[in-house]
Engineer: 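Before anything else, here's the structure in question.
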There are 2 protein chains.
Amino acid sequence: MTETEPIVFIVDDDDSVRKSLTRLITSVGLKVKTFSSANDFLKCDPYDGPACLVLDIRMPGLSGLDLQAELTKAQRTVSIVFISGHGNIPMSVQALKAGAVDFLEKPFDEQALLDAVHLAILKNKSLRQAQTELNQIQKRIESLTPREREVFSLVVTGMLNKQIAFEMGISEKTIKVHRARVMQKMQAESLAALARMAEKADVYP
Amino acid sequence: MTETEPIVFIVDDDDSVRKSLTRLITSVGLKVKTFSSANDFLKCDPYDGPACLVLDIRMPGLSGLDLQAELTKAQRTVSIVFISGHGNIPMSVQALKAGAVDFLEKPFDEQALLDAVHLAILKNKSLRQAQTELNQIQKRIESLTPREREVFSLVVTGMLNKQIAFEMGISEKTIKVHRARVMQKMQAESLAALARMAEKADVYP
DNA sequence: TAGGATATGGGACTTTGGTCTAATAGGGGA
DNA sequence: TCCCCTATTAGACCAAAGTCCCATATCCTA
């Protein structure tokens, strides 16, 4: 597994802002890709790696907040640092409540922006990691047959095969069969590992 | 276990604001307690139940943000809804980054405030619940002897007693003894339950 | 209609975990 | 000095889980 390089996306309709941001961010060795509108960014291929988005609030067409909403809807995980020339409090509140990493006013302190970008990349990395892990677990759960899923959810509560058999009204022998398949399909080498997966996938109420 | 009643604390130096807020919030059946300064609130006994704090930003003495910082430092879990007459973007950003539930500008929409308060109470409830659960688990972990803790962390990775014994260079028999004590002290009725506790307490890297 | 996936079970066997009793040994506090 | 906690181990035994190999009965699809 190669460590993918982080990319900083910049979406701002102002050409000079894009240029100065690019200069600033590339100066610390980060890769940059710029877009002059939210729609351009939405049209581009979702980047499969740690990504940060430096996003202007006020733009013709889709606004920064609109873009944020679209990305959330499309389940594209980018960590956003907002920059605004004429923002207001409700905007900043909405942005942060929707998960933005920071919200800076123009003219911003260069170091503050770089800090925010680095933090966003870090957060994005761990977010992506947690997400892919969860996806894998859920995909495995989907590969279970209905009966296996039933056994799975009872097993991870700590019930004995005997008890599960009674609960489901079938033989303990059959539970063993299902259970073995669950362990195999979930790729769990131990009950402890299975329980951890269940915990992450929120199988418990 | 009796369900403790939620309380809405109001901290604002303006008498008339306190009064109108109290009227509004009690009108939906919530209990209210008011304070005219941040220090007064800090001096009062930490309430052990779901709590929401409606907090003014600008006040003589400690500001709302100062109070938020103090509460965080003191590990007092209250969910905060900020209200501000003369706030600005950096303030709102700081407040939300520090975990505030909402940040409303005066004059605020009454329904918006009530919604925020209700949301804050909900969040506070689940926060408190997760916290007390975590505390219990950590207290139990602390009650383990060093050797037991070692066995604990190896057990929850799914290792067999035999493997743990080899890893620790002692007899499998001893592992069984430690393991039994771990289950007892952690109040886990099954390996699955133990693994879930370990997951919550972040025993894994 | 043949084959695959699913669900169900039995028999026989091994490994693993849990429990009970009992014992030894060192460190530290009353 | 004596007792408690901690750590260590043994033997005996039972319960639980996992693993073979096997068989039957659906249901759905190619």
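As a basis for the values below, the full set of heavy atoms in this structure was taken, side chains included, without hydrogen atoms, waters or symmetry mates. Lettering follows sequence order; numbering is per chain, from 1.
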Engineer: Out of B:L24, B:V54, B:T26, which residue meets the side chain to side chain contact (heavy atoms under 4.5 Å, CB included) rule with B:V32?
Structural biologist: B:T26

Engineer: Flag this pair as yes if the NZ/CZ of B:R76 is under 6.0 angstrom from the six-membered ring centre of B:F41 and inside a 45 degree cone about the axis; otherwise no.
Structural biologist: yes

Engineer: Of all of residues 141-158 of chain B, which get a heavy atom below 4.0 angstrom from DNA chain C, listed by number?
Structural biologist: none

Engineer: Please list, chain by chain and in numerical order, all residues satisfying ring-ring contact (aromatic ring centres under 6.0 Å, His included) with A:F152, sequence neighbours excluded.
Structural biologist: none

Engineer: Round to the nearest Å and state the distance from B:L194 atom CG to C:dG18 atom P.
Structural biologist: 10 Å

Engineer: Taking only N and O in the side chain of B:S171, is any of them less than 4.0 Å away from OP1 or OP2 of D:dT8?
Structural biologist: no

Engineer: Under a 4.0 Å N-O cut-off, is there an ion pair linking B:R18 with B:D14?
Structural biologist: no

Engineer: Do nucleotides 17-29 of chain D as a string where each nucleotide becomes B, S or -: B if the base has a protein heavy atom under 4.0 Å, S if just the sugar-phosphate does, - if no protein is that close.
Structural biologist: BBBB---------

Engineer: I want to check something: taking the side chain as every heavy atom from C-beta on, are B:P6 and B:L30 in contact at a cut-off of under 4.5 Å?
Structural biologist: yes

Engineer: When the distance from NE2 of A:H178 to C1' of C:dG9 is rounded to whole Å, what number comes out?
Structural biologist: 10 Å

Engineer: Crowded around A:R149 CZ? As in, over 12 foreign heavy atoms under 6.0 Å?
Structural biologist: yes

Engineer: From CZ of B:R181 over to P of D:dT6, roughly how many Å is that when rounded to an integer?
Structural biologist: 8 Å

Engineer: Under 4.0 Å between a side-chain nitrogen and a carboxylate oxygen: does that hold for A:D102 and B:K97?
Structural biologist: yes

Engineer: In terms of side-chain heavy atoms, does A:Q131 have a donor or acceptor partner in A:N135 at a distance below 3.5 Å?
Structural biologist: no

Engineer: Would you kindly give the CD1-to-P distance between B:I170 and D:dT6, to the nearest whole Å?
Structural biologist: 16 Å

